[in-house]
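In what follows, a structure is listed as structure tokens, so that the remarks can point back to it.
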Protein chains: 2
Amino acid sequence: MKQRLAAIGTVETLPHRVAAFLSREIESGELNPGARLPTEQELSDKFGVSRNVVREAIAQLRADGMIEARQGIGAFVLAPEQRAAIRIDREALKDTHNMERLFELRCILEAESAALAAARRGQEHLDSIKAALDRMSGEERWEEGSIDADLLFHREIARATGNSYIHTFISFVCEQIRHSIHYARLTNPLHDLVEVNVGEHVRIYEALVAGDPAAAEAAMRAHIVGAADRVGVKLPLRGAK
Amino acid sequence: MKQRLAAIGTVETLPHRVAAFLSREIESGELNPGARLPTEQELSDKFGVSRNVVREAIAQLRADGMIEARQGIGAFVLAPEQRAAIRIDREALKDTHNMERLFELRCILEAESAALAAARRGQEHLDSIKAALDRMSGEERWEEGSIDADLLFHREIARATGNSYIHTFISFVCEQIRHSIHYARLTNPLHDLVEVNVGEHVRIYEALVAGDPAAAEAAMRAHIVGAADRVGVKLPLRGAK
DNA sequence: CGGATTAAGTTGTAGGATGATATGTATCAC
DNA sequence: GTGATACATATCATCCTACAACTTAATCCG
């Protein structure tokens, strides 16, 4: 009867695992908004862990706006609109369908980011964008460092928009994608693809230098579509869902 | 010497308050990436709370990818790119500058959402969008319920894109904005503004019915700009940052 | 000097106790 | 009979103690 979290997977701390389990229950509809969670003691018994562990897990879910705990009553599931944070389930990204959709979101954000950056960038922005470009096209282009530089390039563009929210969102989305395709990129960097990738970045940079929002947007869009293609992801067209 | 969190504010649980304090230290640069946090015992002494409270706070920060804890060594601040969640500081939204930027991000997301929805929606989507529209233009238009319906209208459009990430992000951004301007809307709903607002929604809906992405995008953009204006927020133009 | 062992420091988990809050039920007063 | 009050119960919130597990540094021994 004591599962001791044997079926939950990962090697993380117990609170993290309990939180992940409960989170899945909520996201999957097993626990609907308004539903009351088992008491802390019951969860403690169920998972074969101390109540402290359960409380740490519940603290995490509370911080995310997934549940609310009321003293003397219990903990209740909140509606999705009450969320206090956005998270992306990396497990879900193993499904190509989901990866396509995340790339689509990334394309929306980055195309506009590039346009805004072209309109708003200063010389200091161009300098840092160029530095990242140089780094990703230099000696590191065959190593993991080039991925860092690649993402830095994108973050610097987002920073040039002068909108920290855009920067935060783009950074987050890029990192989630990066963690999901990390292995594939490292395994076999193809010579031609790397050069094409760099070429696309150069075109984005040139549009930024020219201060041409439309050109920057188009170049970035083409790049994201191309980048997705290179990892086997086809962006859905407007007509496809 | 025991602050007992007297200067931290809010009436929330102690772990939440400790987490908020540490989070601010990290975001403000007081604690840089790579920096080691005080030990759990030190934090416990500093804030005058039990170690359990500190651990719950740390569990929250770990879940957010803000810190990593290593057994036997301590807890360390991670780089912003390692974040596992996006959060928006509601306190920061009291600054009009930040609100402008968040509205700008919202405009980016929603304009594209409307375009995609126009291209991809089915009859069931139109039905639920219409239902939300009816609700916000009916008897509830002068009450808080109209805000719920308003946001539901936007979420249903995002749902029609068939991209759950778009839906999640839009829902989140809308709710953060909503919580920050909640009081202002309730205090004094102006007759003309409500009618204008509904009119804008009707135009968006009509573009969706017509399956016209460009018209939907334009109508949504105009609406978001207008909605921001109605709460005293001017969206930055492309040239402004 | 190098390897093994021990000690110290820190996080991770368990278990117990008490305080605080919310709700339901029983009792009392009018 | 109805409303107010008191009490009991359930549950979360916090505190405390103890030990396990891990990491690093110090010490010991060949």
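All chains are named by letter (A, B, ...) in the order of the sequence lines, taking the proteins before the strands, and each is independently numbered beginning at 1.
Per the geometry, CZ belonging to B:Arg36 stands 10 Å off C1' belonging to C:dT11, to the nearest Å. Rounded to whole Å, the distance from CZ on B:Phe76 to C1' on C:dT11 is 11 Å. In this entry the distance linking CD of A:Gln41 with C1' of C:dA14 reads 12 Å, nearest Å. In this structure, A:Asp45 atom CG and C:dA14 atom C1' are separated by 13 Å, rounded to whole Å. Atom CZ of A:Arg55 is separated from atom P of C:dG12 by 18 Å (rounded to the nearest Å). Put simply, CD on B:Glu12 is 13 Å from C1' on D:dC12, counting in whole angstrom units. For the pair A:Phe47 CZ and C:dA14 P, the interatomic distance rounds to 13 Å; values are reported in whole Å. Rounded to a whole Å, the CZ atom of A:Arg62 is 12 Å from the C1' atom of D:dT14.
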Salt bridge (charged side-chain N to carboxylate O under 4.0 Å, His left out) assessment of A:Arg155 paired with A:Glu175: CA-CA 11 Å; A:Arg155 287 201 301 275; A:Glu175 286 293 328; 3.8 Å; yes

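The shortest distance between side-chain heavy atoms of B:Val54 and B:Val49 falls below 4.5 Å.
A donor-acceptor contact shorter than 3.5 Å links the side chain of A:Asn163 to the backbone of B:Arg101. Distance alone, capped at 3.5 Å, is enough to place a donor-acceptor pair between the A:Thr168 side chain and the A:Ser164 backbone.
Ring geometry for A:Phe172 versus B:Phe169: interplanar angle of 30 to 60°, hence tilted.
Close to C:dT13, at under 4.0 Å from its OP1 or OP2, lies no side-chain N or O of A:Ser50.
You'll find that the side chain of A:Glu56 is closest to C:dT13, out of C:dT13, C:dA14, D:dA13. Distances from the side chain of A:Thr39 to the nucleotides D:dT14, D:dC12, C:dT10 place D:dC12 closest.
Using a 4.0 Å cut-off between a side-chain N of Lys or Arg and a carboxylate O of Asp or Glu, B:Arg36 and B:Glu42 do not qualify as a salt bridge.
Applying the 6.0 Å contact sphere to CD of B:Glu30 captures no more than 12 heavy atoms from other residues, nucleotides or ligands.
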Does the protein touch nucleotides 18-26 of chain D at the base, only the backbone, or not at all? Give it as B, S and - per nucleotide, heavy atoms under 4.0 Å. B--BBSS--

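Nearest-nucleotide assignment on DNA chain D puts the 5′-proximal partner with A:Gly74, out of A:Gly74 and A:Asn52.
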